[in-house]
*Asks:* 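Got a structure here, written out as C-alpha cells. Questions coming.
Owing to the predicted nature of the structure, the values given are computational and were not obtained by experimental measurement. One-based numbering along the sequence shown.
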Amino acid sequence: MSSDFDRIYLNQSKFNGRFRVADSGLGWKASTSGGSVSNQSKAPFLLPATELSTVQWSRGSRGYELKINTKNQGVIQLDGFSQDDFNLIKNDFHRRFSIQVEHKEHSLRGWNWGKTDLARNEMVFALNGKPTFEIPYNHVTNTNLTGKNEVGIEFNIQDENYQPAGDELVEMRFYIPGSIETTIDGDMPKKEETAEGVPKEEDETAQITEEKSLAESFYEELKQKADIGETAGDVIVSFPEVFLATPRGRYDIDMYKDFIRLRGKTYEYKLQYNQIQRIVSLPRADDIHHLIVLAVDPPLRQGQTTYPFIVLQFQKDEETEVQLNLDDKDYDENYKDKLKRQYDAKTHIVLSHVLKGLTDRRVIVPGGYKSKYEQCAVSCSYKANEGYLYPLDNAFFFLTKPTLYIPFSDVSSVNISRAGQTSTSSRTFDLEIELRLNKGSTTFGNISKEEQQLLENFLKSKNLRVKNEEKEAQQRLQTALGSDSEDEDINMGSAGEDDESVDEDFHESSDDDDVAEEFDSDAALSDASGSDVDVASDDESRPTKKAKTE
C-alpha cells in the first residue's frame with residue numbers, strides 16, 4: 001500500500017500536487033484543481049527506486065522539504081510537508097528502500113562566508129559544518145572568471161520544466177582568495193657517464209610545480225561538475241576563431257543538438273537554441289565584411305553588462321568546408337530536410353544555413369531598399385555613435401553599437417527634418433522614428449541629403465506615415481502667398497505698392513529751400529553720393545562759380 005501526501009510542490013514549482021511513495025518508487029502529479037490547463041495535462045513525475053541515492057529532511061520555504069539525490073537525474077526537491085510527516089516518511093523509506101532519511105539543519109546566521117563542497121549533484125555552501133544554501137548543477141548555465149579571485153555563476157531560467165514562483169536569482173559571485181601549488185609530471189633527460197667516459201642519457205620523470213589561484217581551481221572544477229566545459233554529446237559542427245563584434249573577442253563556436261557553445265580565452269557562454277529569437281544576415285557597408293546578428297532573449301550576461309544581440313563578423317569572401325558529425329540514422333530522422341551533409345561555400349552562408357536548420361528560425365536578409373551607392377544601408381549617427389541604418393522589409397536595423405531593432409509594426413510615424421539652417425548641416429537630415437503606445441522616439445541623424453528621396457519613397461511603399469517637415473513648411477508658405485495675392489485689402493507694406501506711386505513724404509526742392517554748403521554761400525547742392533546736382537540749369541543769369549586763386 002502506498003503513502004500519499006497532498007499539497008506538495010515539486011522543485012519549487014508554482015503549483016502543488018500529490019506525492020506518492022510506493023514499493024516501485026516515487027511519483028508526483030499536479031493537482032487537478034487550480035493552475036493552468038497545460039500544467040494539469042503534464043505527465044506525472046516518476047522516479048524508480050533504483051535511482052535513489054541519499055535523502056535529506058530539512059526546513060523549506062513552504063514548511064519542510066524532502067531533498068532526494070539521485071544517481072542520474074540530479075537533485076529532486078519536494079516542499080510543503082508538515083513536521084508530523086517526518087516519522088512516516090522516515091519509516092517508509094527505511095522499510096521500502098532501506099534508505100536512512102538524514103535530518104539536516106541549515107545555518108541561519110546570515111553570514112556571507114564559508115566553505116564550498118562540490119558534491120555529486122549540487123554545490124553546498126556551508127558554515128561551521130551546516131549548509132547555508134545549495135545550488136543544483138542543473139540550474140547552472142554558465143560560469144566565468146570575472147577577476148583574479150572572483151568567480152561568477154549564471155543560473156538557467158529557460159528550463160520549461162523549472163517554473164519557480166516569485167522572483168528568481170539570475171547570477172551569483174564568489175570571492176575566493178589565495179592560491180595553491182599544483183605539480184605536473186614532465187620528462188627531463190638526465191646525463192650519466194659510462195665506464196668509457198661516454199655520456200649516457202636516461203629519461204627521468206620530474207615534477208614541475210605550478211602556482212594556481214584557488215578561484216581558477218574552483219572555476220575549472222565547477223565547469224566539470226556542472227557539465228559546462230567539456231559538454232556531454234558530440235559536436236555537430238565547429239567554427240574556429242570567429243570574430244565577435246559584440247561581445248568583442250574571438251570565440252570558437254561549437255554547435256550541439258540543443259545549444260551553442262562559445263569558447264573564448266576569457267569567457268565561455270552556453271546559448272540555448274530557444275534563446276535565439278532572430279537571425280539577421282547583412283553585408284557591411286565597407287564591402288569587405290559580412291555580419292550575422294543573433295537576437296537573444298534572455299540576453300547573455302558579462303558581469304553587469306547584458307548583450308541582447310550577438311554580432312558575428314566574417315570576411316566577405318572567406319570560404320569554409322565542413323562536414324556534419326551526424327550518423328546516417330540521426331541525419332535521416334531529424335535533419336534531412338534542414339541541413340546538408342557537407343558544405344563548401346562562404347563561411348557566413350554556411351553558418352547561417354546551419355543556424356536556420358538547428359533553430360528552426362528563418363534568416364532575415366536585406367530587402368528591396370538600395371541607397372544612391374547601391375548599398376542596403378545608409379551612414380548615420382545615433383546619439384554620439386556612428387553606424388549604419390538598414391531599412392529592411394519589415395524593420396529598421398542599426399549597427400553596430402548599440403545594435404537596435406525596430407519593427408515596422410511598432411512605428412507610428414517617421415519624420416524627416418533638416419538638421420539645421422547652415423550650409424554644412426543643410427547637406428544632411430534627421431530621421432525621427434516615433435513609436436506606438438507612447439513609447440517615445442528614436443532619432444538617426446547626419447544622413448546624407450542625397451539619400452532622402454530614395455529613403456522616403458521606400459518607407460512610403462511600406463505603408464508608413466512619412467512627414468517631411470521641409471516640404472510641409474514650403475507648402476504652408478506657398479499657400480500663404482497664394483491667399484494674400486487674392487485679397488486686395490491686405491496691406492503688404494512697401495512690397496505691395498506700385499512702382500509709380502508717389503511718396504507723399506517727399507517734397508521736391510525749390511530755389512527757396514536751397515541750403516548752401518558750409519563755408520560757401522554760393523556752393524551748388526550735392527546729392528547723397530557727393531556729385532554736383534544742377535537744380536536750375538536753365539537759369540543762365542546765375543553767375544558761375546569763380547575759381548579760387550592762390
*Asks:* Could you check whether the rings of W57 and F86 sit parallel, tilted or perpendicular, using 30° and 60° as the cut-offs?
*Replies:* tilted
*Asks:* Would you please classify the geometry between the F314 ring and the H348 ring as parallel, tilted or perpendicular, with 30° and 60° separating the classes?
*Replies:* tilted
*Asks:* Output yes when a side-chain donor or acceptor of S213 lies under 3.5 Å from a complementary backbone atom of E216, and no otherwise.
*Replies:*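 Yes, the answer is positive, given that a donor and an acceptor are paired below the 3.5 Å cut-off.
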*Asks:* Would you say that P283 contacts P366 through its side chain, given a criterion of any heavy-atom pair below 4.5 Å between the two side chains?
*Replies:*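 SC-SC contact between P283 and P366 confirmed.
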*Asks:* Measure from NZ or CZ of K225 to the centre of the six-membered ring of Y137 and say whether it is under 6.0 Å with the direction within 45° of the ring axis.
*Replies:* no
*Asks:* Who passes side-chain contact (heavy atoms from CB on, under 4.5 Å) against D327, sequence neighbours left out?
*Replies:* K329, D330
*Asks:* Could you tell me how the ring of F97 sits relative to the ring of F93: parallel (under 30°), tilted (30 to 60°) or perpendicular (over 60°)?
*Replies:*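 F97 and F93: perpendicular rings.
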*Asks:* Using distance alone, with no hydrogens and no angle criterion, decide if Q100 and H94 have a side-chain donor and acceptor under 3.5 Å apart.
*Replies:* yes
*Asks:* Would you say K71's side chain and T50's backbone share a donor-acceptor pair under 3.5 angstrom?
*Replies:* yes
*Asks:* Taking only Lys NZ, Arg NE, NH1 and NH2, and the carboxylate oxygens of Asp or Glu, determine whether D328 and R341 approach each other closer than 4.0 Å.
*Replies:* yes
*Asks:* Determine whether a donor-acceptor pair (N or O, by modelled atom type, separation under 3.5 Å) exists between the side chain of W28 and the backbone of N16.
*Replies:*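 Not at all, since once roles are kept as given, no pair shorter than 3.5 Å links the two residues.
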*Asks:* Does K270 pair with E268 as a salt bridge, N-O distance under 4.0 Å?
*Replies:*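 The answer is no: the pair does not qualify as a salt bridge.
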*Asks:* Considering only residues two or more places apart or on different chains, which pairs with a residue in residues 103-121 satisfy side chain to side chain donor-acceptor pair (under 3.5 Å)?
*Replies:* H106-E134
*Asks:* Can you list the residues that meet the salt bridge (Lys or Arg N to Asp or Glu O under 4.0 Å) rule with D252, with sequence neighbours excluded?
*Replies:* R263
*Asks:* Looking at side-chain heavy atoms only, is the closest gap between V311 and L291 below 4.5 Å?
*Replies:*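 Sidechains of L291 and V311: in contact.
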*Asks:* Using a 4.5 Å cut-off on heavy atoms from C-beta on, say whether the side chain of Q342 contacts that of E321.
*Replies:* yes
*Asks:* Would E211 and S179 count as having a side-chain donor-acceptor pair, cut-off 3.5 Å?
*Replies:* yes
*Asks:* Do the ring planes of F5 and F81 sit parallel (below 30°), tilted (30 to 60°) or perpendicular (above 60°)?
*Replies:* perpendicular
*Asks:* Set out, in order, the CA-CA distance, both residues' side-chain angles and the distance that settles ring pair (Phe, Tyr, Trp, His ring centres under 6.0 Å) for Y273 and F259, then state yes or no.
*Replies:* CA-CA 5 Å; Y273 287 139; F259 61 90; 7.5 Å; no
*Asks:* With a distance cut-off below 6.0 Å to the six-membered ring centre and an angular limit of 45° from the axis, does R284 pair with Y388 as a cation-pi contact?
*Replies:*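 No, R284 and Y388 do not form such a contact.
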*Asks:* About how many Å separate CD1 of I349 and CG of L351, when rounded to the nearest 0.5 Å?
*Replies:* 11.0 Å
*Asks:* State whether the side chain of Y382 and the backbone N or O of T442 hold a donor-acceptor pair below 3.5 Å, judged by distance alone.
*Replies:*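 Pair absent, no side-chain N/O of Y382 close to backbone of T442.
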*Asks:* Using only atom types and a distance under 3.5 Å, with no angle test, would you say the side chain of R250 pairs donor to acceptor with the backbone of E241?
*Replies:* yes
*Asks:* Is it true that atom CG of N394 has more than 12 heavy atoms of other residues, nucleotides or ligands lying nearer than 6.0 Å?
*Replies:* yes
*Asks:* For atom CZ of R7, decide whether the heavy atoms of other residues, nucleotides or ligands shown that lie under 6.0 angstrom number more than 12.
*Replies:* no
*Asks:* Side chain to side chain contact (heavy atoms under 4.5 Å, CB included), that's the test. Do M172 and F133 meet it? Break it down for me.
*Replies:* CA-CA 12 Å; M172 181 182 290; F133 59 85; 4.0 Å; yes
